[in-house]
Amino acid sequence: MRKATRMAAAGLGVTSLMAISACGGGDNGGGGGDADANAWILTGGGWPAIEEDFNRWNESNEDAQIDVEGIENDSYKGQIRTAVGSGEAPTLIMSWTGGALLEYAEQDAVVDLTGETGDLEERVFDSVWQNGQVDGSTYAVPLNDVQPVVMYYNQEVFDEVGLEVPETWEDVEEAIEVFNENDVAPFSLAGGSVWPALMWLQYLTDRHGGEEAFQAVVEGEEGAWDNESILFALETMQDLGENGGFIESYNSVTADQNEDAQLLADGEAAMLLQGSWVYATINQDFPEFADSGNFGFTSFPTLEDGAGDPSNIVGNPANFWSVSADASEEEQQIAMDYISENLYNEETVDAMLEAGSLPPLNDIEEEIAATEDADFLEFSSQLVGDANHFQLSWDQAVASNVAQPLTDNLSGILRGEMTPQEFVDAMNAL
């Protein structure tokens, strides 16, 4: 699930780090050498705040420097996988957790951080912290903002047809019928971009069968895709597309230019399932709608007969730091000190909140309340805090050789070119 539009407009801005180094190095590889540690970060988005955090650390820790190199997002996954495999990873390894972290842990490529993170575990929401654990041990800790997927809605459209915002799937089915009778699309969907449809696949699977349904896929269990909950989700999505649940033109709508958000703002669609970053997009690109009092947000509806926990959410829990097992003891200690003593310090938290980003912390209620976006940030924080489980976006969680086929086959589902069973058979065959 890509971050189509981030919170850049709210404060930090999008800048290219151009392989910067926080202390002038950036070429200090893992596996020994100088005592200085190093880290690779991404360019753009909210990463300048992370860069500034490293700068402040280096200014205060002359004998425990961390060299920083910025790498473009599209290049990063291939480079870090190669570096880890060759024993030349940076001291601090950034990942989205999921299958990549499982692989690192199984290969003993990262350090077990259990008991080495200071008070960080107590501060981070459990639903986020879980993503950095493998078999009960902590191998990665979150480093930036949390981005749950939420349901946005246009209250004016609901008022015009006399409906309440859906809380259950039965409510959704009623709303689809009423909106169709009034020539309004119930849901906007950027099917042309495909990845936004993953949010539907994830929530429906989880609501039906719980988080275990997809966890089997992440862990590589044979035949894991052929699961009744995944099949239910695929069948439901095709039904929504064929019977008026999604906007009629959903396969030509894209998220790159925020067309799905515009359909909501213009009142052509009543609801939109998208990431929390779309809140900033709507405020920036459609300010009249954002300020109208009709822009609302809520959680994904409950599936009455589903086995999943209705508090479960999906999205991007955060990016995470792990510590390379190939780094020297001195480098590892610097990295663990940075994690336990410095992550989510006051200055970094303030910078994130000023940018409209939400740190996954349970002790910043007062700071959130003082922001311009307090209503949405408080809602999102409660959503994450109350969640029993926070499922990572599937295209980030699966193995690298699975991500593209997942997108391609989901496109086949959206276009009616593939049946749900053909989808799971194709995924199981990988």
Side-chain angles (χ1 to χ4, degrees), residues 1 97-99 102 125-131 133-136 146 148-151 165-176 186-187 189 196-241 243 245-246 271 273 275 298-317 382-398 402 406 409-410 413 419-428:
M1 203 180 298
T97 68
L102 180 62
F125 288 127
D126 288 343
S127 63
V128 175
W129 192 264
Q130 293 167 8
N131 283 271
Q133 294 184 315
V134 177
D135 293 333
V146 60
V149 170
V150 305
M151 188 75 77
V165 177
E167 296 181 0
T168 68
W169 197 254
E170 185 176 321
D171 294 339
V172 169
E173 293 173 335
E174 178 187 355
I176 290 173
F187 294 103
L189 174 66
L198 275 171
M199 304 176 191
W200 281 96
L201 181 56
Q202 287 188 243
Y203 261 127
L204 288 167
T205 298
D206 192 276
R207 287 289 188 268
H208 186 272
E211 61 266 26
E212 294 83 4
F214 182 66
Q215 187 60 30
V217 172
V218 175
E219 294 176 358
E221 292 186 16
E222 186 176 354
W225 285 99
D226 201 353
N227 180 288
E228 63 175 352
S229 295
I230 295 176
L231 284 165
F232 165 81
L234 293 165
E235 290 165 358
T236 302
M237 291 175 65
Q238 283 198 328
D239 182 68
L240 289 169
N243 296 304
F246 298 141
M271 295 170 280
L273 186 67
T298 188
S299 56
F300 192 85
T302 300
L303 185 63
E304 292 88 341
D305 297 327
D309 189 321
S311 74
N312 285 359
I313 57 176
V314 308
N316 300 324
Q382 182 174 353
L383 196 68
V384 177
D386 291 346
N388 173 67
H389 181 76
F390 193 151
Q391 188 176 101
L392 174 64
S393 302
W394 284 13
D395 56 347
Q396 301 288 3
V398 297
V402 176
L406 172 59
N409 291 329
L410 186 56
I413 289 289
T419 68
Q421 190 61 55
E422 288 172 339
F423 174 98
V424 298
D425 289 345
M427 297 305 297
N428 277 335

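Every value quoted in this text rests on a predicted model; they were computed, and no experiment measured them. We number each residue from 1, following the sequence as shown.
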What closest approach, in Å, do [X] and [Y] show between heavy atoms, and which atom pair accounts for it?
X: Gly98; Y: Val218; value: C-CG1, 4.1 Å
X: Asp206; Y: Gln391; value: OD2-NE2, 3.6 Å
X: Ala197; Y: Met237; value: O-CE, 3.4 Å
X: Asn409; Y: Met427; value: ND2-SD, 3.1 Å
X: Ala387; Y: Ile313; value: CB-CG1, 3.8 Å
X: Leu201; Y: Ile230; value: CD1-O, 4.4 Å

Answer whether the closest heavy-atom distance between the side chains of [X] and [Y] falls below 4.5 Å.
X: Leu189; Y: Pro196; value: yes
X: Leu383; Y: Ser299; value: yes
X: Leu273; Y: Phe187; value: no
X: Phe423; Y: Leu406; value: yes
X: Leu410; Y: Trp394; value: no
X: Pro301; Y: Met151; value: yes
X: Ile176; Y: Leu240; value: yes

request  = Evaluate the criterion side chain to side chain contact (heavy atoms under 4.5 Å, CB included) for residue pair Gln421 and Asp226; output intermediate values, then yes/no.
outcome  = CA-CA 8 Å; Gln421 190 61 55; Asp226 201 353; 3.5 Å; yes
Checking the side chain of [X] only, and the main-chain atoms of [Y] only, is there a donor and an acceptor separated by less than 3.5 Å?
X: Gln202; Y: Leu392; result: yes
X: Asp171; Y: Thr168; result: yes
X: Asp309; Y: His389; result: no
X: Tyr203; Y: Val149; result: yes

Is it the case that atom [atom1] in [X] sees more than 12 heavy atoms from other parts of the structure closer than 6.0 Å?
X: Glu304; atom1: CD; result: yes
X: Asp425; atom1: CG; result: yes
X: Glu170; atom1: CD; result: no
X: Gln215; atom1: CD; result: yes

If you round to the nearest 0.5 Å, how far is [atom2] of [Y] from [atom1] of [X]?
X: Arg207; Y: Thr236; atom1: CZ; atom2: OG1; result: 13.5 Å
X: Gln130; Y: Glu211; atom1: CD; atom2: CD; result: 8.0 Å
X: Phe125; Y: Gln382; atom1: CZ; atom2: CD; result: 9.5 Å
X: Asn243; Y: Gln238; atom1: CG; atom2: CD; result: 10.5 Å

Q) Once the angle between the rings of Trp200 and Trp169 is folded into 0 to 90°, is it parallel (under 30°), tilted (30 to 60°) or perpendicular (over 60°)? A)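 Plane angle over 60°, so perpendicular.
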* Asked: Parallel under 30°, tilted from 30 to 60°, perpendicular over 60°: which one fits the rings of Phe214 and Trp225?
  -> perpendicular
Decide side chain to side chain donor-acceptor pair (under 3.5 Å) for Asn388 and Ser311; before the verdict, give the C-alpha distance in whole Å, the side-chain angles of both, and the deciding distance to 0.1 Å. CA-CA 6 Å; Asn388 173 67; Ser311 74; 5.5 Å; no
Practice problem: Apply side chain to side chain contact (heavy atoms under 4.5 Å, CB included) to the pair Val384 and Phe390, showing each step before the final yes or no. | Solution: CA-CA 7 Å; Val384 177; Phe390 193 151; 4.1 Å; yes
(message) Before you tell me yes or no, could you show the steps for Gln396 and Asn316 under side chain to side chain donor-acceptor pair (under 3.5 Å), namely the whole-Å CA-CA distance, both residues' side-chain angles and the distance that decides it to 0.1 Å?
(response) CA-CA 9 Å; Gln396 301 288 3; Asn316 300 324; 5.6 Å; no
